[in-house]
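Following: one structure in structure tokens, then a few remarks.
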Amino acid sequence: MEEIQTPRPAFGLDVFGLDDRMRLFGYVTADNRLAYLWVLRAFDAARANYQVLLHTSDVGTALAGLHGTHGDCPDPADLELPRLLDALVEWGVLDRSQDGTRATTLAEYRNRHSVYQFTEAGFRAHRAVESVLAATMDDATLSRLVFADLLADLVALASANAAGDAEEVYRKLNRLDRALADIAERAARFYHMLGDLSRTNDARPETFLAHKDALLAHLRDFHDELQRYTPRLREAVYAVEDTGLERMIEAAAEADERIFRTPAERLADWGRRWDGLRSWLAPPDTDQVSEADRLSDATISAIGDVLALLRRVTEARRGGVSRESQLRHLAAWFTAVGSQEAAHALFDATFALGGPRHVSVAHGDPEAIPTRHSWWEAPAVELSRTLVEAGRAPGQGNGRPARLDRSPESRARLRRAQLAQERRSVEAAAGLVEFAVGEQPLDEAQAAVLLRLLDIALAARVPGRQGVAMAAAAYGVRLTLLPAPGRFTAVPTAAGTLYLDGFTLSIGPADHTAARERELVAV
């Protein structure tokens, strides 16, 4: 007999389709996202105090309270609350309705105020955002105490199923499902944390050394408990199934209180949950590995990884060799190298990066491709793997890399032009130190050097730090910008006057940034 499909209710969370649910997070990437976040926190705080519906004035009052206790909360006086609330309604995070209870006249009733509250989907989206913002490394822990609870729940589940207590079967199965989900989530977070730690140990070895003892003890205790409870949990699963698996699933589905699920859907859902629990603790075939066994293997691997990291960090500290020291030595070698050719040879030996010899390969029939097509629309050029990897056409050179055409004449010509430009910049920069800026116009070369130094200094600004001095050094001179509120500095140049609003300018020598003489004369 064909089963009659019950139509889904078209209200509540079911109204939100996939696109609507993704739009709930639109405020996270909006320009004024911090203001949106604090407005929602005001709603969350009011909801915790059993106040669900808020007028705009209530939101402002709640925000003022948060502003007094949290320094990063914006002042509601600086916000356009009606516009923020309307945008959150547009995204589906808030729901807007009209409140006529405060009206005392017919005109006020017609212009009654709007009241806002969380939609259920919006509340869940806000909680998801808050969970991400509040996540710390302290959450990444494995819980060894949960295994005793799992065993006790399985024993109680077998007793309840044998006694025909449907409600107790539902409660125990629900607890087991939540406990396994918690174990999987904790394990995922913990092993992600170990991966992050292994990637950052070179930069921060002290962080790893400070936590290694706690990590090793935590992993050892968890693995011991997992090994001790795994066979007992497997036997408990078999004992539960011996009391009647189908009867247990039917009892759980019968006691399930989800009113919008059909009986068939409840049966399928609880059957799926039991299959997941069985795959975790007792796979049906002896050849299959349970998720508990995989977790045990992952814990052993994690202990090995932590010990390997410990060895690397200890050896690095004992020998004084770390990623930082290696980079410092490499920088010193580049600085002390005698010529450009030696510098290129050092670069090739260090990074093993060659020229991309497969770039600029022309299409076999370029006239077949209209010139109006962009790169996205034009057909791609086929490249052989031999050309990409060895720089040779297929069938040539017996697989050996092709000789690089370094074009020494072109490189020497470009180097001469570069050195000449450097020499002119050094001479112009030396002229900047000899006279006070502003007394006479700067020539074109001096103005170019000044603009280059200003560009370097302004690019090094730290956002949010106002009123601090900025400096830049190059070509043998050092430029310093000192804050001077209410004042400005005028720098006359051949092309016009440059005004620096709010800063005073000083230029002094910085010999360590001057190009060496041999670099300026040797080619």
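What's counted below: heavy atoms across the whole structure, side chains too, no hydrogens, waters or symmetry copies. Computed from a predicted structure; not experimentally measured.
Of the possible polar contacts, none joining the N174 side chain to the R171 backbone as a donor-acceptor pair under 3.5 Å is found. A donor-acceptor pair under 3.5 Å links the side-chain atoms of E265 to the main chain of T262, judged by distance alone. Side-chain atoms of H55 never come within 3.5 Å of backbone atoms of V115 as a donor-acceptor pair (strictly under, hydrogens ignored). The backbone N or O of G92 lies less than 3.5 Å from no partner atom in the side chain of R23, so there is not a single donor-acceptor pair. Side-chain atoms of T497 do not come within 3.5 Å of backbone N or O of T493 as any donor-acceptor pair. When atom types are taken as modelled, the side chain of D443 and the backbone of A445 share a donor-acceptor pair closer than 3.5 angstrom. For R96 (side chain) and S114 (main-chain N/O), no donor-acceptor pair under 3.5 Å exists by modelled atom type.
Salt bridge D153/R175: present, at least one basic N to carboxylate O contact under 4.0 Å. The pair R258-D269 meets the salt-bridge criterion, with a side-chain N (NZ, NE, NH1 or NH2) lying under 4.0 Å from an Asp/Glu carboxylate O. Contact check on R186 versus D182 returns a salt bridge, with a Lys/Arg side-chain nitrogen under 4.0 Å from an Asp/Glu carboxylate oxygen.
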Point to revise | Check against salt bridge (charged side-chain N to carboxylate O under 4.0 Å, His left out), D501 and R487 | key: CA-CA 6 Å; D501 190 12; R487 299 175 55 189; over 6 Å; no
Exercise for review: Go through the steps to decide whether F118 and L40 satisfy the test side-chain contact (heavy atoms from CB on, under 4.5 Å), and finish with yes or no.
Suggested key: CA-CA 8 Å; F118 269 121; L40 294 179; 3.7 Å; yes
Review point. Salt bridge (charged side-chain N to carboxylate O under 4.0 Å, His left out) between D275 and R272: does it pass, once the steps are laid out?
Key: CA-CA 5 Å; D275 290 341; R272 179 186 56 78; over 6 Å; no
Exercise for review: Determine, step by step, whether L88 and H126 satisfy the side-chain contact (heavy atoms from CB on, under 4.5 Å) criterion, reporting the C-alpha distance in whole Å, the side-chain angles of both residues, the deciding distance to 0.1 Å, and the verdict.
Suggested key: CA-CA 11 Å; L88 290 169; H126 171 64; over 6 Å; no
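The minimum heavy-atom distance linking A128 with F25 is given by the pair CB-CE2, 4.3 Å. Pairing each heavy atom of A184 with each of W280, the nearest pair is CB-CZ2, 4.1 Å. Taking both residues in full, the closest heavy atoms of Y229 and A148 are given as OH-CB, 3.6 Å, listed atom of the first, atom of the second, then distance. Between P441 and A494, the closest heavy-atom pair is CB-N, 4.4 Å. Nearest heavy-atom pair, H67 versus P76, reported as atom, atom and distance to 0.1 Å: CB-CD, 4.4 Å.
Counting only heavy atoms from C-beta outward, the side chains of Q117 and L94 never approach each other to under 4.5 Å. Between F503 and T489 the shortest side-chain heavy-atom distance does not fall below 4.5 Å. Side-chain contact between M470 and L458 is present, with at least one heavy-atom pair separated by less than 4.5 Å. By the 4.5 Å heavy-atom criterion applied to side chains, T480 and I507 are not counted as neighbours. Contact of the L150 side chain with the L180 side chain is registered, since non-hydrogen atoms from C-beta on lie closer than 4.5 Å. A 4.5 Å side-chain heavy-atom check between R452 and V449 finds every atom pair outside the cut-off. Between L34 and P74, every side-chain heavy-atom pair lies at or beyond the 4.5 Å cut-off. Residues L176 and R273 fail the side-chain proximity criterion, which asks for heavy atoms closer than 4.5 Å.
Applying the salt bridge (Lys or Arg N to Asp or Glu O under 4.0 Å) definition to pairs two or more places apart or across chains, those involving residues 29-44 are R41-E130, D44-R127.
Ring geometry for W38 against H70 counts as tilted: the plane angle lies between 30° and 60°, on a 0 to 90° scale. Using cut-offs of 30° and 60° on the angle between ring planes, the pair W91 and Y36 is perpendicular. Ring geometry, F222 versus F147: the interplanar angle falls from 30° to 60°, so the pair is classed tilted.
Under a cut-off of 6.0 angstrom, the local environment of CZ in R247 is crowded, with over 12 non-hydrogen atoms contributed by other residues, nucleotides or ligands.
Interatomic distance, R21 CZ to R124 CZ, rounded to the nearest 0.5 Å: 8.5 Å. Atom-to-atom distance recorded for L432:CG and L479:CG is 9.0 Å, nearest 0.5 angstrom. A distance of 9.5 Å separates CG in L453 from OG in S425, rounded to the nearest 0.5 Å.
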